[in-house]
Engineer: 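Please read through the structure below; I'll follow up with questions.
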Amino acid sequence: MSTNNHFAEVVMITGASAGIGRATARAFAKRGAKIGLFARSGERLEAARAEVEEAGGQGLVLAADVSDDQAVENAAQQLEKEFGPIDIWVNNAMVSVFSPIAEMTPEEFRRVTEVTYLGYVWGTLAALRRMRPRNRGTIINVGSALAYRGIPLQSAYCAAKHAIHGFTEALRAELIHDKMDIQICEVEMPAVNTTQFDWVKSRLPNKPQPVPPIYQPEVAADAIVYAATHKRREIYVGFPTVESVVGNKVAPRLLDYYLGRNCYQSQQTDEPDDPNRPNNLFDPVPGDFGAHGAFDNRARKFSLQLWLNKHRDFLAGAILIPAAAIAGLLLLSRSKKRAHL
């Protein structure tokens with residue numbers, strides 16, 4: 001897929017009404033993209049469309065539930081009818097439950113799996129039905145550090161992210177086998193200041209929070225747009241993501257104990273939560289929450305690790321070329337010394 005801006009990309013974003021999806025829609029809109037805004041809440045999607053148009057893009061509201069495979073297919077049809085062939089598909093929609101496993105219900109496990117894992121599957125299948133005949137297109141699966149390392153109190157969500165990772169790897173291998181020029185990239189996120197902590201279902205005594213350090217949704221959106229326009233296999237966002245992946249490979253048993261002793265407290269604020277507040281597990285919560293959650297005063301607007309990742313080719317050249325020059329000068333010097341002997 002071309003990475004220039006000489007044409008308007010057609011992009012589908014699931015979970016586009018809030019959080020990372022909302023910020024990603026704005027980021028693509030700045031490129032002049034035509035965007036399918038897919039989520040359950042029509043109210044929030046209309047607000048997202050206004051932001052997209054203000055930023056220079058075009059938006060199409062597609063209010064439906066990603067757990068419904070036919071609804072996902074219908075949305076893809078609507079988007080292509082309105083804006084043309086889909087260039088980029090971003091799977092991002094999610095729900096979660098903060099709860100000890102022993103207190104989870106079968107319905108909760110099923111719902112998180114249907115949205116957070118199967119929603120990605122249905123989105124990918126809808127994208128492939130259109131991209132395979134054209135032999136082009138890009139699929140972005142928004143992942144998480146929790147795809148590599150599960151943590152307590154988010155078992156269903158962690159399991160779904162692990163499933164997405166396995167699904168993505170299997171699909172990538174099949175595309176290689178079929179010699180398809182379709183790109184698929186998984187973007188592994190750190191803790192992000194999104195609205196999910198305002199409406200997620202929770203059995204915790206205090207209000208839930210992302211495990212610090214926390215990043216703003218615009219950092220995540222920057223990584224997604226970069227992944228969609230560069231042929232990368234996988235992108236880690238933030239040093240905490242890298243630490244989680246590497247740490248779990250090096251010392252998984254140590255992490256078991258560390259998380260068991262520390263991760264209950266680190267996922268909660270000091271404020272008591274209302275056990276009867278509305279949650280979005282089965283139905284959207286009314287109101288427009290925007291992209292940011294309640295942690296603006298603690299969230300980072302920049303990731304040095306992501307910047308280094310995006311500029312790795314330049315940085316490698318900046319290091320290797322001088323190193324090669326120095327090595328060449330040393331060899332030349334030695335050769336001259338031997339010639340004088």
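Numbers here are sequence positions counted from 1.
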Engineer: Can you confirm whether more than 12 heavy atoms, excluding those of Tyr258, are under 6.0 Å from its OH atom?
Structural biologist: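 Check fails, neighbour count at 12 or below.
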Engineer: Would you call Leu60 and Leu62 a side-chain contact if the rule is heavy atoms closer than 4.5 Å?
Structural biologist: yes
Engineer: Assess whether side chain to side chain contact (heavy atoms under 4.5 Å, CB included) is satisfied between Phe295 and Thr269, documenting all intermediate values.
Structural biologist: CA-CA 11 Å; Phe295 306 98; Thr269 70; 4.0 Å; yes
Engineer: Phe28 and Ile13: side chain to side chain contact (heavy atoms under 4.5 Å, CB included), yes or no, with the steps?
Structural biologist: CA-CA 10 Å; Phe28 274 113; Ile13 303 174; 4.1 Å; yes
Engineer: Say whether Asn91 and Asn141, considering side chains only, have a donor N or O and an acceptor N or O under 3.5 Å apart.
Structural biologist: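 Yes, a side-chain donor-acceptor pair sits under 3.5 Å.
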Engineer: Under 4.5 Å between side-chain heavy atoms, chaining through other members, with only Ile, Leu, Val, Met, Phe, Trp and Tyr counted: pull out the rest of the cluster around Tyr257, sorted by chain and number.
Structural biologist: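 Members besides Tyr257: none; it forms no cluster.
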Engineer: What I'd like to find out is whether the side chain of Glu188 reaches to under 4.5 Å of the side chain of Val245, using heavy atoms alone.
Structural biologist: no
Engineer: Can you confirm whether Ile101 is buried at CD1, in the sense that more than 12 heavy atoms of other residues, nucleotides or ligands lie under 6.0 Å from that atom?
Structural biologist: no
Engineer: So does Gln265 have more than 12 non-hydrogen atoms from other groups sitting under 6.0 Å from CD?
Structural biologist: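 Incorrect, the count does not exceed 12.
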Engineer: Apply the test side-chain hydrogen bond (donor to acceptor under 3.5 Å, both in side chains) to residues Arg111 and Ser67: give CA-CA distance (whole Å), side-chain angles for both, the deciding distance (0.1 Å), then the verdict.
Structural biologist: CA-CA 8 Å; Arg111 177 61 178 166; Ser67 67; 3.2 Å; yes
Engineer: What's the verdict on side-chain hydrogen bond (donor to acceptor under 3.5 Å, both in side chains) for Glu82 and Gln58, showing C-alpha distance, side-chain angles and the deciding distance?
Structural biologist: CA-CA 11 Å; Glu82 183 73 19; Gln58 298 179 57; over 6 Å; no
Engineer: Determine whether Thr168 and Glu234 satisfy the following criterion, side chain to side chain contact (heavy atoms under 4.5 Å, CB included), listing intermediate values before the conclusion.
Structural biologist: CA-CA 10 Å; Thr168 303; Glu234 188 174 23; over 6 Å; no
Engineer: Which heavy atom of Thr138 sits nearest to which heavy atom of Ile140, and what is that distance?
Structural biologist: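 What the structure gives for the nearest pair is CG2-CD1, 3.8 Å.
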Engineer: Determine whether a donor-acceptor pair (N or O, by modelled atom type, separation under 3.5 Å) exists between the side chain of Asn135 and the backbone of Asp181.
Structural biologist: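 Side chain of Asn135 to backbone of Asp181: a pair is present.
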Engineer: Is the shortest distance from a Lys or Arg side-chain nitrogen in Lys201 or Glu107 to a carboxylate oxygen in the other one below 4.0 Å?
Structural biologist: no
Engineer: Does some side-chain heavy atom of Val142 sit less than 4.5 Å from a side-chain heavy atom of Met94?
Structural biologist: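 Sidechains of Val142 and Met94: no contact.
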Engineer: Whether the Asn74 and Gln70 side chains hold a donor-acceptor pair (N or O, under 3.5 Å, no angle test) is what I'd like checked.
Structural biologist: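 Yes, a side-chain donor-acceptor pair sits under 3.5 Å.
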Engineer: Does some side-chain heavy atom of Leu125 sit less than 4.5 Å from a side-chain heavy atom of Val72?
Structural biologist: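 No - every pair of side-chain heavy atoms lies 4.5 Å or more apart.
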Engineer: Hey, are Asp87 and Arg136 close enough for a salt bridge, meaning a charged N less than 4.0 Å from a carboxylate O?
Structural biologist: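 Here Asp87 pairs with Arg136 in a salt bridge, since their nearest N and O are under 4.0 Å apart.
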Engineer: Please name all residues satisfying ring-ring contact (aromatic ring centres under 6.0 Å, His included) with Phe289, sequence neighbours left out, ordered by chain then number.
Structural biologist: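 Partners of Phe289 under the ring-ring contact (aromatic ring centres under 6.0 Å, His included) test: Trp199.
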Engineer: For the backbone of Asn206 and the side chain of Gln268, can you confirm whether one donor and one acceptor N or O come within less than 3.5 Å of each other?
Structural biologist: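 Yes, Gln268 side chain to Asn206 backbone: donor-acceptor pair under 3.5 Å.
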Engineer: Taking CG in Asp270 as the centre, count heavy atoms belonging to other residues, nucleotides or ligands within less than 6.0 Å. Is the count above 12?
Structural biologist: no
Engineer: Is there side-chain contact between Pro240 and Tyr215, with heavy atoms separated by less than 4.5 Å?
Structural biologist: yes
Engineer: Judged by atom type as modelled, is there a donor-acceptor pair below 3.5 Å linking the side chain of Gln305 to the main-chain atoms of Tyr236?
Structural biologist: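 Yes: the side chain of Gln305 pairs with the backbone of Tyr236.
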Engineer: Any Lys/Arg nitrogen of Glu186 or Arg172 sitting under 4.0 Å from an Asp/Glu carboxylate oxygen of the other?
Structural biologist: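 Arg172 and Glu186: not salt-bridged.
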Engineer: Is there a side-chain contact between Asp273 and Pro208, using heavy atoms and a 4.5 Å cut-off?
Structural biologist: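 Of all side-chain heavy-atom pairs linking Pro208 with Asp273, at least one is under 4.5 Å.
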Engineer: Could you walk me through whether Arg49 and Glu46 pass the salt bridge (charged side-chain N to carboxylate O under 4.0 Å, His left out) check?
Structural biologist: CA-CA 5 Å; Arg49 177 166 64 176; Glu46 289 292 351; 2.6 Å; yes
Engineer: If you apply the rule side chain to side chain contact (heavy atoms under 4.5 Å, CB included), what do you find for Gln196 with Asn280, and how did you get there?
Structural biologist: CA-CA 9 Å; Gln196 75 147 319; Asn280 77 330; over 6 Å; no
Engineer: Do Arg22 and Thr194 have a side chain donor and acceptor closer than 3.5 Å?
Structural biologist: no
Engineer: Using modelled atom types only, decide if a donor and an acceptor are shared between the side chain of Gln209 and the backbone of Ser266 within a distance under 3.5 Å.
Structural biologist: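 Such a contact is found between Gln209 side chain and Ser266 backbone.
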Engineer: Considering only heavy atoms from C-beta outward, does the side chain of Arg130 approach that of Met12 to under 4.5 Å?
Structural biologist: no
Engineer: Is the backbone N or O of Ala16 less than 3.5 Å from a side-chain atom of Arg44, with the two atoms forming a donor-acceptor pair by type?
Structural biologist: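 No; zero donor-acceptor contacts below 3.5 Å.
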Engineer: Is there a side-chain contact between Lys161 and Tyr120 in this structure, where contact means two heavy atoms from C-beta onward sitting under 4.5 Å apart?
Structural biologist: yes
Engineer: Looking at CG of Asn309 and NE2 of His311, how far apart are the two atoms once the value is rounded to the nearest 0.5 Å?
Structural biologist: 10.5 Å
Engineer: Are any of the side-chain nitrogens in Glu108 or Arg203 under 4.0 Å away from the carboxylate oxygens of its partner?
Structural biologist: yes
Engineer: Within a reach of under 6.0 Å around NZ of Lys207, are more than 12 heavy atoms found that belong to other residues, nucleotides or ligands?
Structural biologist: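 Result for NZ/Lys207: open.
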Engineer: Give every residue pair that meets the ring pair (Phe, Tyr, Trp, His ring centres under 6.0 Å) criterion with at least one member in residues 158-195, sequence neighbours excluded.
Structural biologist: Tyr148-His165
Engineer: Do Arg40 and Asp68 meet the salt-bridge criterion of a basic N to acidic O distance under 4.0 Å?
Structural biologist: no
Engineer: For a salt bridge (charged side-chain N to carboxylate O under 4.0 Å, His left out) check, start with the C-alpha distance between Lys30 and Glu218, then their side-chain angles and the critical distance, and finish with the verdict.
Structural biologist: CA-CA 13 Å; Lys30 292 177 182 177; Glu218 287 75 18; over 6 Å; no
Engineer: Can Arg233 and Glu169 be counted as an ion pair, charged N to O under 4.0 angstrom?
Structural biologist: yes
Engineer: Report the distance from atom OG1 of Thr229 to atom CD1 of Ile224, rounding to the nearest 0.5 Å.
Structural biologist: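 Reported to 0.5 Å precision, the distance equals 11.5 Å.
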